[in-house]
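For reference, the structure discussed in these notes is given below.
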Amino acid sequence: MLRLRAFRPSGDKIVKIQVHPTHPWLVTADDSDHVSVWNWEHRQVIYELKAGGVDERRLVGVKLEKLAEGESEPRGKPTEAIRGGSVKQVSFYDDDVRFWQHWRNRSAVVEGPSAISQNSPAFNSPTPSTRGRHFLVICCENKAIFLDLVTMRGRDVPKQELDNKSLLCMEFLSRSAAGDIPLVAFGASDGVIRVLSMITWKLVRRYTGGHKGSISCLMTFMASSGEALLVSGASDGLLIIWSADHIHDSRELVPKLSLKAHDGGVGAVELSRVMGSGPQLITIGADKTLAIWDTISFKELRRIKPVPKLACHSVASWCHPRAPNLDILTCVKDSHIWAIEHPTYSALTRPLCELSSLVPPQVLTTTKKLRVYCMVAHPLQPHLVATGTNIGVILCELDARSLPAVTPLPSPSGSREHSAVYIVERELKLLNFQLSNTANPSLGSTGSISETGRSRVESTEPLVVKQTRKHISTPAPHDSYSILSVSSSGKYVSIVWPDIPSFAVYKASDWSVVDSGTGRLFAWDNCRDRYALLETALAPRMPVILKGGSSKKAKEAQAAAAAAAAAAASAASSATVQVRIILDDGTSHVLTRSIDGRNEPVIGLHGGALLGVAYRTSRRITPLAAAAISTQSMPLSGFGSSSFATTDDLKQAGAEAAPQNFHWETFQSVSGLLSQPEWSAWDQTVEYCAFAYQQYIVISSLRPQYRYLGDVAIPAATGAVWHRRQLFVATPTTIEVVFVDAGIAPIDLETRRRKEEMKAKEAQSRALGAHGELALITVESSEVAINERVSLRPPMLQVVRLASFQHAPSIPPFIALPKQSKIDGEDAVNQKETEERKASEVAVAGGGVSVAVTRFPHEQKRPVGPLVIVGVRDGVLWLIDRYMCAHALALSHPGIRCRCLAAYGDAVSAVKWASRLGREHHDDLAQFMLGMGYATEALHLPGISKRLEFDLAMQSNDLKRALQCLLTMSNSRDVGQENATTDITEILNLTAAKQENLVDAVQGIVKFAKEFMDLIDAADATGQSDVAREALKRLAAAGSVKGALHGQGLVNNLITAGHGREAAFAAAVLGDNALMEKAWQDTGMLAEAVLHAHAHGRPTLRSLVQSWNEMLQKELEHKRTVKTDAAAAFLASLEDPKLTTLGEAPKKSPIEILPPGMASLSAPPLTIKKPGSGPPPLSLNQSQPTKPLLLEAPSTATPTPTVAPGEQQSNSVPTSDTPSSSAAPKDGTEAPSQEIPETPTELTEGSQIPKQTDSSVTPAGTEIPQTLKDVTETSHTLKAGIDTPQTTAEAPVSFPSSTEPAAL
């Protein structure tokens, strides 16, 4: 019945095993006390630890961590160096484990007669306590190890801190009062339970006075009154109930109830959830018995011996729809997993699986028999069962696609109560469910938003559902695995028992039997009350081979099984597919006795718009062929497999199944062999269909013809339901929704054109029949042509996860837990009040509407186990689980609600709901609505960007709005207007601001030239000439500027006229750097040319610098004074420096102004010498080597007085007051001058060169650096002087521009 999912070999016996509820992790411990964590999905070992002895790796790691944190060597022995001893229990602990433990205890109580939901408020998840960390907890005899799997840091708690008693078992407690401090209880060898806090790592309390022997097992559960209880079993055979609801802390707690459970000691305890009753406790003991206890009266309900002469060592509560009568799994030291059927009424124990048949044959040796030592069932996925054996870890899987025996019925219009029919044992029952209005007062609104962006309605807490169960008088004929389905009209319900095989069709109004017979496969038509079935002869049931029989009996049983298999194969080969229809009077009528198909055996039927018949064939069909039209399967039709020995049959059916499609009306084949999907779903309007495979789901469109839309990577899906263009999918771990739209393809346009032609012909034929040939006479009149521009649109698929098992971490996992010195209740209460106050604050947007700041809602909690999707009703997604309980998933988050409304066809309401969504998510929502075909409605979203607004306007044919968006994006709103100038000379003579706007506009129009052309084409196609004219104006204006300048005649004319700035602007519009420099150079604006060449790395930089310096030298040359009188000559002589030697008589060296990082123009080629190799070389014009000149003037220099403009330049420039140049801004723009209080200097009015800083002027006569290193340092000094403000006492000098002279 089970098949192998994963296997990990081991040389030692696996004696302890535990599974994580949400992550694919298994932790095991072998008999040599080695602990390992294994990822069974990826077949990868995550962590290994030697827990029994001293793990040297952990010891070294702890020492390194302490050294890294600056801690000294501890005086005592570290706890990691303590030998752990034998491993008694291994477990995981994190927020997921804590949540699902609390959920399991509470959901089990809900089934009781005095339901806890009637006595207490709704389910509230515990506060996250581990803060994103995942703990591996190992209970050893001498210490407890807490290892964080995220940071790989551990904490060892030796038994000396727990009264120095050996630790034998453990269980995690949650403080039900305020605070929710994580606690762990340890059962010790002295019969005392000690509770440790995982915050302070101190002993909190003790449970004493109960056991007289060593404690072997601990477990928490919830009473019918809502009180948390702790149950313990010990070697003295007692089962003791303690109160775990410790609102008022006390150091010593006494037992509430003590029961004598087993002779020789209690081995394990398990909680079992029973449908329609309160939870039960299951205990196993050394006396080889299994006892079942009631949790309300705590009386023994039943005691059985599952396997004679062998004691059970593991027990698990189990509930799977493929085996509805098996409730408990147990293991003894053999190779089987044993299942106990209906423990309340009978004691039938049968082998569920023979594990030796699942593992590879080469693993089993002839001398080594497989033995099971531990077993655990997955708490959230009941189809997974893990066992620890003497050869390794075996993870088994039952059929995960089997669904609960329930089907929803259509709800009357306007009714808020919904119903579903299900079968339990041999009884048909009706489940009525609806939302509780009192518990969900704000359903349908966003509610208040907390600081974290999570609305109260959008929170992960489940919605409260009011549900009742009613008994249907009509009994069911069989008590076996059943499949329920409903007809398209909802009037008829079919039940199939594939293991019998038998079927029955009931009328939903009075539950009378309409049709029945022997049939294993069943499929409904998607359009009418018509169905197909595979009628087979009644095959004998395969006998159950019990353990412990003689060899003769075993041979007889094997012979009977072989005969039964042969009879079943004969019956399957002779089976025929019949099609029947239910008439209006409620009677069934056979349409055809047999469909003329292939000769291979039929192993599956698929309903829907077409009838699919799956044959067993040797021809291999690839899954890619599933893109052709397939059919809908009922959820898990069984594929003709037996109820138990289904491993080989399912593998063979899945590999060699090949369905063929037939018309329901003509029964003719419409396609070849396809790949067999696991299931398929059809839209009610027969517009979309989905085919599920193991790793993905293929989605296709059917109108106007079949078209493959795409596939979505949702593996292991178990079922789905269409709701217009929404596909809600259930997997074993998640609930997903797929939003689908087929888009617009060329075949759609062709189909629309043909339909219009056919309508016109039909109208003409009707007019011809009514009026004769007079109808052919046409009168010419002015026709108003309305051309609608329809653009193609690709298909769209978007997947959103609605629910999963995992708990989102509250903070990143690398943040450590806060140190709490106090754990008093008052502090916790104050903290809780603060959190509630924060949660009540509302994030308000425009109009006082609370806004969701997240794009999609946080994932809700998926109900446990296999689910049947009912569909969307009352704005929520309804699900029904294995225990026939209805669950509701909220769809009220604006990100989901807007998409659901748009997919349903109500785009106007979707736009209204978008006001509750943050504007930063409007672009994403608009893209979704565009993909769904609602571009016009998406334009009303207030937060969309201009680029997306243009695309939406183009898609919705709102070309005027598209034009306005395009003008805004290109910054060309003022270009091409009638009142603006069109002469290029006048445009170039505008002010600086207008010139910059024109440059941006021309560049913007060039950037969006394709969009302008698309807009013109769309306007021409729809006859909107005004839009096309405005767009052409901008293109013409930009084209005229670019075209007039491209000839260079206008630029040359501007240069000839001396308009350097206008010529350079024209070259900037063209983007021609060479032409821009030529314009500056020919008009004497060499400063701008030098700066532009230096900024862009132009090769003409050196020549431009030389020309600039020559021009500056000419402007600064000495001119003879006109005055000849003696007084003027005497005053002039006083200003000139006195000559002391004849060496100072030659002409002063020319001035060089260089960009930063450029070497001197007059410097000779540099020779690189080693430091200290000789004296520095002297410059050519240096006359006194004993008096070197400095780059900077001494700090005691006399400031130069300010020279007023218009006065003549003095006949010499002192060397100490040499001016310096600074880097001017690019493009020749002016830079603001800085005022130096010590040496004020005024710039001329028309100057283009900003104030210069020091150390960038290199006058002749300065020292040349002796090495390349000195040159580099000098260049850095020059650059630093340019980038930093001037701080020396030297007076800056303002140099004249090229257009207007300036005086120094």
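The model shown is predicted, which means the values in this text are computed figures rather than measured ones.
Annotation: the span from Leu889 atom CG to Leu879 atom CG amounts to 5.0 Å, rounded to 0.5 Å. A distance of 10.0 Å separates CD of Glu41 from CG of Leu395, quoted to the nearest 0.5 Å. In this structure, OG1 on Thr330 lies 10.5 Å from CD on Glu270, to the nearest 0.5 angstrom. With values rounded to the nearest 0.5 angstrom, Leu230 atom CG is found 9.5 Å from Ser243 atom OG. Here Glu300 contributes atom CD and Leu259 contributes atom CG; the two are 9.5 Å apart, rounded to the nearest 0.5 Å. With values rounded to the nearest 0.5 angstrom, Leu183 atom CG is found 6.0 Å from Leu173 atom CG.
Counting all heavy atoms, side chain and backbone alike, Cys169 lies closest to Cys217 at SG-N, 3.7 Å. Nearest heavy atoms, Ser197 versus Val204: CB-CG2, 3.5 Å. Of all non-hydrogen atoms in Leu168 and Ser214, the two that sit nearest each other are CD1-CB, 3.4 Å. Contact detail for Gly285 and Ala311: the closest heavy-atom pair is O-CB, 4.4 Å.
Crowding of Lys260 atom NZ: a count of heavy atoms from other residues, nucleotides or ligands under 6.0 Å exceeding 12.
For the pair Asn105 (side chain) and Met222 (backbone), a donor-acceptor distance under 3.5 Å is absent. Judged by distance alone, with hydrogens and angles left aside, the side-chain atoms of Ser216 form a donor-acceptor pair with the main-chain N or O of Gly233 at under 3.5 Å. A donor-acceptor pair is defined here as one N or O able to donate and one able to accept, closer than 3.5 Å; such a pair exists between the side chain of Thr295 and the backbone of Pro279. Between the Arg155 side chain and the Met198 main chain, no donor and acceptor come within less than 3.5 Å of each other. The backbone N or O of Ile394 sits less than 3.5 Å from a side-chain atom of Thr387, completing a donor-acceptor pair.
Counting heavy atoms from C-beta outward, Glu397 and Leu384 have side chains that approach closer than 4.5 Å. Residues Leu147 and Ile138 have side chains not in contact (no heavy-atom distance under 4.5 Å, counting atoms from C-beta outward). Residues Ile145 and Val35 form no side-chain contact, since every pair of their non-hydrogen atoms from C-beta on lies 4.5 Å or further apart. Looking at Met375 and His313, their side chains never come closer than 4.5 Å, going by heavy atoms from C-beta outward. Within the 4.5 Å cutoff, side-chain heavy atoms of Ser232 are placed close to those of His211. In this structure, Ser10 and Val393 have side chains that are not in contact, with every pair of non-hydrogen atoms separated by 4.5 Å or more. Taking the side chain as every heavy atom from C-beta outward, Lys256 and Glu227 approach each other to under 4.5 Å. You'll find the side chain of Pro866 reaches within 4.5 Å of the side chain of Pro382, heavy atoms only.
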Can you give me every donor-acceptor pair (side chain of residues 85-92, partner residue at least two apart or in another chain, under 3.5 Å) with its distance?
residue: Ser86; atom: OG; partner: Lys88; partner atom: NZ; Å: 3.4
residue: Ser86; atom: OG; partner: Glu141; partner atom: OE1; Å: 3.3
residue: Gln89; atom: OE1; partner: Met170; partner atom: N; Å: 2.9
residue: Gln89; atom: NE2; partner: Met170; partner atom: O; Å: 3.3

Task: Pair Leu271-Leu281, side-chain contact (heavy atoms from CB on, under 4.5 Å): steps then yes or no - done: CA-CA 5 Å; Leu271 183 70; Leu281 291 178; 3.9 Å; yes
Open item on the list: Between Leu301 and Trp293, does the side-chain contact (heavy atoms from CB on, under 4.5 Å) criterion hold? Intermediate values first, please.
Closed with: CA-CA 5 Å; Leu301 299 178; Trp293 308 83; over 6 Å; no
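Listed by chain and number, the residues in a salt bridge (charged side-chain N to carboxylate O under 4.0 Å, His left out) with Asp31 amount to none (sequence neighbours excluded). For Phe805, the ring pair (Phe, Tyr, Trp, His ring centres under 6.0 Å) partners two or more places apart in sequence, or in a different chain, are Trp100. Annotation: side chain to side chain donor-acceptor pair (under 3.5 Å) contacts of His23 (sequence neighbours excluded): none. Scanning for salt bridge (charged side-chain N to carboxylate O under 4.0 Å, His left out) contacts around Arg8 gives Glu48, with sequence neighbours left out. A search for side chain to side chain donor-acceptor pair (under 3.5 Å) contacts involving Ser314 returns nothing, not counting sequence neighbours. His262 meets the side chain to side chain donor-acceptor pair (under 3.5 Å) test with Thr283, Asp287, Thr289, Arg303; sequence neighbours excluded. For Lys50, there are no side chain to side chain donor-acceptor pair (under 3.5 Å) partners two or more places apart in sequence or in a different chain. With sequence neighbours excluded, no residue forms a salt bridge (charged side-chain N to carboxylate O under 4.0 Å, His left out) with Arg882.
Residue pairs meeting the ring-ring contact (aromatic ring centres under 6.0 Å, His included) criterion with at least one partner in residues 142-172, sequence neighbours excluded, are Tyr93-Phe172, Phe146-Trp201. Sequence neighbours left out, the pairs with a member in residues 161-172 that pass side-chain hydrogen bond (donor to acceptor under 3.5 Å, both in side chains) are Gln101-Glu171, Asp163-Arg194, Asp163-Arg206, Glu171-Thr220. For residues 207-223, there are no salt bridge (Lys or Arg N to Asp or Glu O under 4.0 Å) pairs, not counting sequence neighbours.
Under 3.5 Å, the side chains of Asp94 and His20 contain a donor-acceptor pair of N or O atoms. In summary, the side chains of Ser36 and Thr28 do present a donor paired with an acceptor at a separation below 3.5 Å, with no hydrogens or angles considered.
The aromatic rings of His378 and Trp40 lie perpendicular to each other, with more than 60° between the two planes, well past the 30° mark.
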